[in-house]
Structure formats: C-alpha cells, structure tokens
Amino acid sequence: MISLEQIEKSFGKQRVLGGISADFSDRRPVALVGPNGSGKTTLIKCILGLVRPDSGTIRFNGNPVGSDYHYRKDLGYMPQAGRFPDQMTVGQVFDMVRNIRKDSQRHDEELIRDFRLEDIFKKRVHTLSGGMRQKVSAALAFLFVPPVLILDEPTAGLDPAAAEILREKVRRETAAGKLLLVTSHNLADLEELTSRLIYLCDGAVRFDDSLDNLKAVTGEHRLSRAIAKISGKIGRAHV
C-alpha cells in the first residue's frame with residue numbers, strides 16, 4: 001500500500017531524514033519509535049504530504065505520489081494535539097470537515113457515538129479539555145473510513161475508559177486489514193496494537209522487524225528494555 005524509497009529531508013543545514021526506506025504492503029500494524037529529534041514527525045508529515053522530501057519516492061498503491069495528493073483521502077490522521085478553530089462549535093467542526101470531504105459517500109460515526117460527542121456538539125472548541133479534543137481528533141481520523149490510519153500519541157490525555165474504546169476501535173480496524181502506523185510513548189499501546197517496530201535514530205532506520213524478534217535479538221522480555229537496548233542506553237545489542 002505505502003512504500004518509502006530513500007526519503008531524504010533537510011531543513012537548512014540540518015539533515016532530518018537520511019535515506020529512509022520502508023515497505024508497508026503487508027499491512028502489519030507498525031510502531032514508529034525513536035528519541036526526540038529522530039525524524040518521526042518529519043517522516044509522518046512526508047507520508048501525509050505536508051512536507052515534501054528533498055529526494056526519494058513515496059508510493060501509494062504502487063504509484064509515486066509526486067505532487068498529486070489525492071491519495072490523502074485514503075489516510076486517516078490523528079495528530080498528537082488537534083488544532084481546530086476556537087470559536088467554532090464541535091458540531092460545526094464536523095460539518096466543516098464533512099463539507100470539505102463531500103465527495104465521500106461513507107461515514108464511520110462509531111467513535112462519535114461511543115465517545116458521546118453529540119452531547120458536546122454545541123460547545124465551542126476553546127472550552128474543551130485536552131482529552132475531549134483528543135476524542136474529536138480520533139473521531140475525525142476514522143470518519144471517512146480510510147484504509148490507512150496514522151495515529152500520533154493516540155491515547156495521550158484520554159481517561160482509561162476512553163483510551164480502551166479507542167484501542168478496541170483500532171483493533172477492529174486492523175483486523176479488517178487496514179494499515180496502522182502509530183507513534184506513542186505509551187509502550188502498552190504499542191504492545192497491544194502493533195506487531196512491527198521501526199526504530200529511527202538520527203534520521204536513519206536502526207531497526208525494522210517484529211516486536212517478537214526485537215525482544216529475541218536484545219534478550220529482553222519487556223519492550224521498554226528492548227527499545228532502550230537498541231538505543232544504546234542499556235548495554236549493546238547487535239541489531
């Protein structure tokens with residue numbers, strides 16, 4: 001579905017991505033992890049078409065995306081912090097997005113129902129807590145039934161019940177064959193929702209394999225210690 005071929009990106013003299021290649025055609029749910037400044041956010045923005053790589057090719061369903069961003073209609077994106085016009089009501093935000101995407105004939109309103117968002121449709125965005133904004137962002141990410149889901153810190157700020165509602169939704173969607181890319185500091189989310197891990201450091205892929213193989217290679221049963229080991233914080237592993 002999505003493949004990356006030697007993606008490079010610099011901002012001024014700072015090289016952020018140094019030839020990233022990865023293929024997601026098997027649709028295994030993927031955890032994208034790495035230290036701050038490793039290039040995760042820039043890579044996600046390249047996939048979303050929000051940042052144009054300096055070189056390399058991004059393919060969607062085998063076709064180079066180039067300057068044609070129509071493929072983005074097939075991407076559901078949940079940012080770490082949703083930004084919506086403060087003076088709009090929640091209902092107006094959903095109406096606005098539906099109007100922008102009026103070509104879409106299918107809507108998935110399951111999270112609107114499960115999060116009971118209709119109860120806050122008349123509230124203005126600036127009055128919402130961080131957790132409520134997260135719920136709105138999640139519902140928008142799934143709204144147009146996208147085959148690809150990109151979730152950035154999806155459960156951050158959610159109460160335990162809401163976080164489990166979202167995890168269950170993600171499990172159902174990935175079981176149905178949708179591609180998931182998720183980045184999170186909540187390692188429980190990564191263990192529950194993903195089976196493949198890509199570790200970025202200094203703009204390069206340092207590890208790309210299953211979570212099970214990561215633990216086997218590092219000799220660690222806990223994901224946190226396995227990731228720490230490949231990052232060089234605990235001993236040294238040959239990966």
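The shown structure was predicted, so the numbers you read here are calculated from the model rather than taken from an experiment. Any value given below was found using the heavy atoms of this structure, including those in side chains, with hydrogens, waters and symmetry copies removed.
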Are any of the side-chain heavy atoms of [X] and [Y] separated by less than 4.5 Å?
X: Leu128; Y: Val90; value: yes
X: Glu8; Y: Arg15; value: yes
X: Val125; Y: Gln92; value: no
X: Pro146; Y: Asp74; value: no
X: Val33; Y: Thr183; value: no
X: Phe121; Y: Val93; value: no
X: Leu214; Y: Ile230; value: yes
X: Ser10; Y: Asp54; value: yes

Can you name the nearest heavy-atom pair linking [X] to [Y], along with the distance?
X: Ala228; Y: Ser231; answer: O-OG, 2.7 Å
X: Ala204; Y: Ile20; answer: CA-CD1, 3.7 Å
X: Ala22; Y: Arg196; answer: CB-NH2, 4.2 Å
X: Arg124; Y: Asp86; answer: CB-O, 3.9 Å
X: Ser195; Y: Arg28; answer: OG-CB, 3.8 Å
X: Pro35; Y: Tyr199; answer: CD-OH, 3.4 Å

Roughly how far, to the nearest 0.5 Å, is [atom2] of [Y] from [atom1] of [X]?
X: Phe94; Y: Glu118; atom1: CZ; atom2: CD; answer: 9.5 Å
X: Arg52; Y: Lys9; atom1: CZ; atom2: NZ; answer: 9.0 Å
X: Leu43; Y: Ile150; atom1: CG; atom2: CD1; answer: 9.0 Å
X: Ile7; Y: Ile58; atom1: CD1; atom2: CD1; answer: 4.5 Å
X: Glu109; Y: Asp114; atom1: CD; atom2: CG; answer: 11.5 Å
X: Asp26; Y: Met1; atom1: CG; atom2: CE; answer: 11.5 Å

Judged by modelled atom types alone, do [X] and [Y] share a side-chain donor-acceptor pair under 3.5 Å?
X: Ser184; Y: Asn186; value: no
X: Gln6; Y: Ser21; value: yes
X: Asp189; Y: Thr155; value: yes

Should [X] and [Y] be regarded as members of a common hydrophobic cluster, given that ILVMFWY residues are connected when their side-chain heavy atoms come within less than 4.5 Å of each other, either directly or indirectly?
X: Val145; Y: Val148; value: no
X: Val136; Y: Leu149; value: yes
X: Leu200; Y: Val217; value: no
X: Val205; Y: Leu179; value: yes
X: Ile227; Y: Leu32; value: no

Please check if the number of heavy atoms outside Lys45 that lie under 6.0 Å from its NZ is greater than 12. no

With a sphere of 6.0 Å drawn around NE2 of His70, does it hold more than 12 non-hydrogen atoms of other residues, nucleotides or ligands? no

Leu140 vs Phe84, side chain to side chain contact (heavy atoms under 4.5 Å, CB included): CA-CA, chis, key distance, verdict: CA-CA 11 Å; Leu140 288 171; Phe84 312 109; 3.6 Å; yes

Side chain to side chain contact (heavy atoms under 4.5 Å, CB included) between Cys46 and Leu17: does it pass, once the steps are laid out? CA-CA 10 Å; Cys46 287; Leu17 299 176; 4.1 Å; yes

Look at Arg222 together with Glu191 and state whether they make a salt bridge at an N to O cut-off of under 4.0 Å. no

Quick test of your reading of the model: are Glu173 and Lys169 salt-bridged, counting only N-O distances below 4.0 Å? yes

Can you tell me how the ring of Phe60 sits relative to the ring of Tyr71, calling it parallel under 30°, perpendicular over 60° and tilted otherwise? tilted

Give the intermediate values and the outcome of side chain to side chain contact (heavy atoms under 4.5 Å, CB included) for residues Lys135 and Leu166. CA-CA 9 Å; Lys135 292 178 182 179; Leu166 181 55; over 6 Å; no

So Ile2 and Leu4, side chain to side chain contact (heavy atoms under 4.5 Å, CB included) or not? Walk me through it. CA-CA 7 Å; Ile2 296 177; Leu4 312 175; 4.2 Å; yes

After noting the C-alpha distance and the side-chain angles of Lys229 and Glu220, does the key distance pass the salt bridge (charged side-chain N to carboxylate O under 4.0 Å, His left out) rule? CA-CA 9 Å; Lys229 183 168 280 190; Glu220 299 289 349; 3.4 Å; yes

Hey, which of Asn63, Thr57, Asn61 is the one that makes side chain to side chain contact (heavy atoms under 4.5 Å, CB included) with Arg59? Thr57

On the six-membered ring of Phe144, is Arg101 placed so that its NZ or CZ lies under 6.0 angstrom from the centre and within 45° of the ring axis? yes

Donor-acceptor contact present, side-chain Thr127 to main-chain Lys123, <3.5 Å: no

